[in-house]
Every structure is written in C-alpha cells, then in structure tokens.
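We count ligands from 1, going down the list as the structure has it; atoms in each ligand are counted the same way.
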Amino acid sequence: MRIAMIGTGYVGLVSGACFADFGHHVTCIDKNDEKVAMLRSGGVPIYEPGLDLLVQRNVREGRLEFATDLTDAVRDADAVFIAVGTPSRRGDGHADLTYVYTAAEEIAAAMDGYTVVVNKSTVPVGTGDEVQDIIAKARPDAEFAVVSNPEFLREGAAIDDFKRPDRVVVGAETEKARTVMREIYRPLFLNETPILFTSRRTSELIKYAANAFLAMKITFINEMADLCEQVGANVQEVARGVGLDNRIGSKFLNAGPGYGGSCFPKDTLALTRTAREAGAPARLIETTVEINDTRKRAMADKIVKAMGGDVSGKTIAVLGLTFKPNTDDMRDAPSLDIIPALQKAGAKIRAFDPAGRHEAEKLLTDVEFTSGPYLCAEGADALVIITEWNEFRALALDRLKDAMSGKVMVDLRNIYTPDDVRSHGFDYVSVGR
Ligand code: UDX
C-alpha cells in the first residue's frame with residue numbers, strides 16, 4: 001500500500017513510521033521545512049523512546065519519506081491519513097478544525113484515482129461528513145471515501161501501543177473502503193488484534209468516549225485519595241481492592257496530581273461542548289473536568305500545608321515537570337499550575353526534569369533549572385515529586401536528606417513507601433495514604 005500521512009506530530013510521525021515498518025510505502029508530509037529537513041537527515045523532533053531508530057531504519061530501507069508538499073504523495077496514495085493537530089479553540093473549548101479542513105482541501109486538489117481519506121486526528125462527531133463535503137465540492141469527479149480511524153497511543157509508549165493495540169477502530173461507510181483499511185492493518189491481525197468496523201460517526205465518538213472514561217477513572221481514584229486522607233485509609237490498597245474486580249480493571253487507578261497532557265484535558269472539554277450542543281449534556285464528564293482543574297491547584301495548597309502553612313522565602317526543589325514520564329511534553333502538565341501557585345505564595349523554585357527542561361523554560365518563569373535530582377535538592381527546604389520518572393524511584397534518601405536544609409518531602413505520585421522515607425528522617429506526605 002502507498003500511504004500519505006499529513007502531519008508529523010506525535011500521532012502522524014509514530015503512525016507513519018510504524019506503517020512503514022509494516023512494509024507499506026509511507027510519505028509523511030509537514031509544512032515546516034526545518035522539521036522535514038531534520039527528519040530526512042535522521043533527526044526526530046519529538047522525544048519518544050525508540051522512534052529515532054524506527055524512523056532511521058525505515059528511511060534507510062526506502063519505505064519512509066518526508067516532504068513539505070503533499071501533491072506527489074497524495075496523487076500516488078491508496079490512503080491519505082490526516083494526522084494534524086486539533087487544539088482547543090480559545091474561548092469556547094471546541095476542537096479547532098482549521099488544520100483538518102485545510103488538509104481536506106489540499107488533498108482534494110491532489111487526489112488521483114480511488115483514494116481513502118482517513119481521519120486519524122481526534123475530531124468531533126460529524127467532522128468526517130464535513131471532510132467528505134469539502135472534497136466532494138472541490139472535486140465532484142473524484143472517487144473517494146472518508147474514513148475515521150482514531151489512534152489510542154500513549155506518549156512514552158507510542159510505538160508499542162501502535163504495534164500492539166487492544167483494538168483497531170475503523171468507521172467506514174463502504175465495503176471498498178473497509179477492504180483498503182483491512183489491508184493496511186493486516187500485519188496486526190497476525191497477532192489477532194481485533195478490528196472493529198463501525199459507522200463513521202460512531203468511530204469518531206469512540207475516541208472521545210474512551211479518553212473521557214479514562215479521565216473519569218483517574219478522577220474517581222483522586223477523589224477516593226482525598227477521602228482516604230480524611231478517614232485514615234490507603235488509596236493504593238483501595239485501588240488494588242477494586243481493580244482486581246475484572247469489571248473495573250486495575251489500570252488507570254493511580255492517584256496523583258490530576259491528569260494532564262495533549263489529549264485528556266482537550267478531549268474531555270470538547271466532548272462536553274459537543275454533548276451540550278447535541279442536547280445530551282455529559283454531566284459526569286463536565287464534573288470530571290471541573291474536579292481535575294481544581295485538583296492541580298489544590299496540590300499547591302497541599303505542599304504549603306506540608307511545609308507548615310507558610311512558604312514565603314523558602315526554597316522548594318521540584319522533581320519532574322512534564323505531564324508524565326518518558327516525554328518532553330509539558331502540555332497541561334500539573335507542574336504548570338502548581339509551580340506558579342507556590343511562587344505566588346512566596347516560594348523560590350528549583351527544578352529538575354530528565355527531558356522537559358527545554359519546553360518548561362518557555363512556560364515557567366523565575367525557576368532555577370538544575371541538572372540532576374541531588375543538585376536540585378541542594379539547600380532546599382522541601383522536595384516535591386510531581387512526575388514519576390523512573391530515575392526518581394530509587395534515589396539515595398540519605399544523600400538527598402544531607403543535601404537539603406529542610407526535611408519535607410511531598411510525593412504526589414506515591415512512588416515511595418511512607419515508613420521507608422520516614423525512617424530516613426523525612427516529614428513525608430503523599431497522596432491518599
Ligand atoms: C492518553 C490516552 O491514554 C491515549 O489512549 C490517547 O490516545 C491519548 O491520551 P497520554 O496523554 O499520552 O495518552 O498519557 P496517559 O498515559 O494516558 O496519561 C494521561 C494523564 O493521566 C497523565 O497526566 C498521567 O499522569 C495521568 N494518569 C494516568 C494518572 O494520574 N493516573 C493514572 O492511573 C494514569
């Protein structure tokens with residue numbers, strides 16, 4: 001199969017490289033000259049474990065190409081994937097579909113012969129219909145189908161998620177389009193990955209419903225954590241106790257500072273907007289959004305309280321800034337709410353993140369960035385873990401304690417055992433334990 005992939009963000013680049021690795025011929029297109037030049041020379045503009053090697057190998061073996069202009073690739077393609085950004089629109093929280101519609105117009109102009117246009121970007125229900133209209137209007141002669149094929153990959157585990165997904169969802173209205181999609185994903189069926197064919201609108205909704213459910217699951221356990229703190233219970237044991245029920249499942253029950261990232265905050269908000277407009281308000285999701293927003297700010301209060309109620313003039317060492325480990329992504333990271341709130345309360349912030357510094361420097365002000373956890377702790381009154389990078393899981397606690405001038409440790413990811421940390425002389429506070 002010949003595939004054109006429009007957009008080289010997380011979803012586009014990972015999907016493009018993985019499809020090439022399946023044996024298809026893929027051209028990834030991005031309007032950004034510098035990005036394309038970098039990719040052609042074997043560089044990868046995002047931080048994702050294993051992606052650089054995957055890209056380099058497939059470029060070397062001639063299956064993966066990059067271009068700034070889509071004309072040639074779209075003309076020759078059996079399937080054109082749209083994997084452009086759909087950010088939250090300023091003001092109303094709806095998904096901004098400008099990039100999707102522009103891509104549709106450009107694809108229409110270049111298409112030749114039967115082409116399946118596949119939406120991989122997360123788009124509100126009905127967007128496939130719009131894309132279909134745009135193309136049909138521009139090219140009444142063209143033979144094409146518009147398909148929805150949402151992507152469920154997680155940052156930091158993207159390649160594995162793409163190659164070993166729980167399922168593939170395809171929303172297509174014709175058998176001809178389904179046949180092309182089956183052929184594209186055939187290598188996955190060897191591992192017996194289920195492929196679920198639905199209508200286009202259903203498929204579009206599945207993506208939002210999945211993300212909203214996961215966001216709700218996290219928010220649920222975060223509320224249980226708050227309750228545990230009040231009644232003297234342990235949230236990790238609660239999570240294990242309920243998670244072992246197969247109907248609930250143990251994943252995504254880790255209490256923490258609230259979910260962030262490029263998907264959950266944006267997609268939950270967009271779903272509430274769609275649902276309101278459709279006259280079927282998604283009240284559980286609306287509440288989830290609200291609780292999660294408040295939670296990030298409440299974490300700053302938790303830290304202040306752990307430090308005795310006053311942080312003015314105190315130094316706080318923060319470990320982990322990105323919204324989760326194994327990424328440099330700072331989008332909607334809890335650190336972006338917590339750090340400014342601590343600064344406002346008068347604290348001085350020193351920080352360390354294994355990969356997020358470059359992005360964090362653009363978003364945070366007056367933070368002293370350090371190059372390792374112990375340097376970060378040097379002279380600090382308190383140490384706060386916001387993101388659970390592996391390298392923070394086994395710190396030498398004595399060395400850490402010696403480096404600090406205070407003894408407060410706030411672990412917002414529950415990566416340490418309370419008794420253990422306390423035995424090293426720390427005043428230790430975690431979440432829901
Ligand atoms: C998510 C979905 O998992 C993925 O299927 C979708 O395609 C895109 O959105 P991602 O945003 O990369 O992926 O990260 P994920 O691992 O899902 O974590 C999202 C946020 O939830 C992070 O801030 C994480 O720290 C938080 N989280 C996750 C928790 O607080 N507790 C958990 O138990 C799990």
Margin query: Less than 6.0 angstrom separating the ring centers of Tyr185 and Phe19, yes or no?
Written below: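 Yes; Phe19 has its ring centre under 6.0 Å from that of Tyr185.
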Item checked: Amino acids contacting ligand 1, non-hydrogen cut-off under 4.0 Å ->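 Its neighbours under 4.0 Å (heavy atoms only) are Glu151, Phe152, Leu153, Arg154, Glu155, Lys207, Asn211, Ile218, Phe252, Leu253, Asn254, Tyr259, Gly260, Cys263, Phe264, Phe323, Lys324, Arg413, given by chain and number.
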Checklist line | Asp30 vs Thr68, side-chain contact (heavy atoms from CB on, under 4.5 Å): CA-CA, chis, key distance, verdict | finding: CA-CA 5 Å; Asp30 202 293; Thr68 48; over 6 Å; no
Notebook entry, point to check: How would you list, by chain and number, every residue that makes a ring pair (Phe, Tyr, Trp, His ring centres under 6.0 Å) with Tyr101, sequence neighbours excluded?
Noted result: none
Item checked: Pairs flagged by ring pair (Phe, Tyr, Trp, His ring centres under 6.0 Å) wherever residues 243-267 is involved - sequence neighbours left out ->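 For residues 243-267: Tyr259-Phe264.
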Next item on the list: Identify whether NZ of Lys or CZ of Arg in Arg167 sits under 6.0 Å from the centre of the six-membered ring of Phe152 and within 45° of that ring's axis.
Entry: yes
Notebook entry, point to check: Restricting to pairs with a member in residues 213-227, which pass side chain to side chain donor-acceptor pair (under 3.5 Å), not counting sequence neighbours?
Noted result: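 Found Asp226-Arg295.
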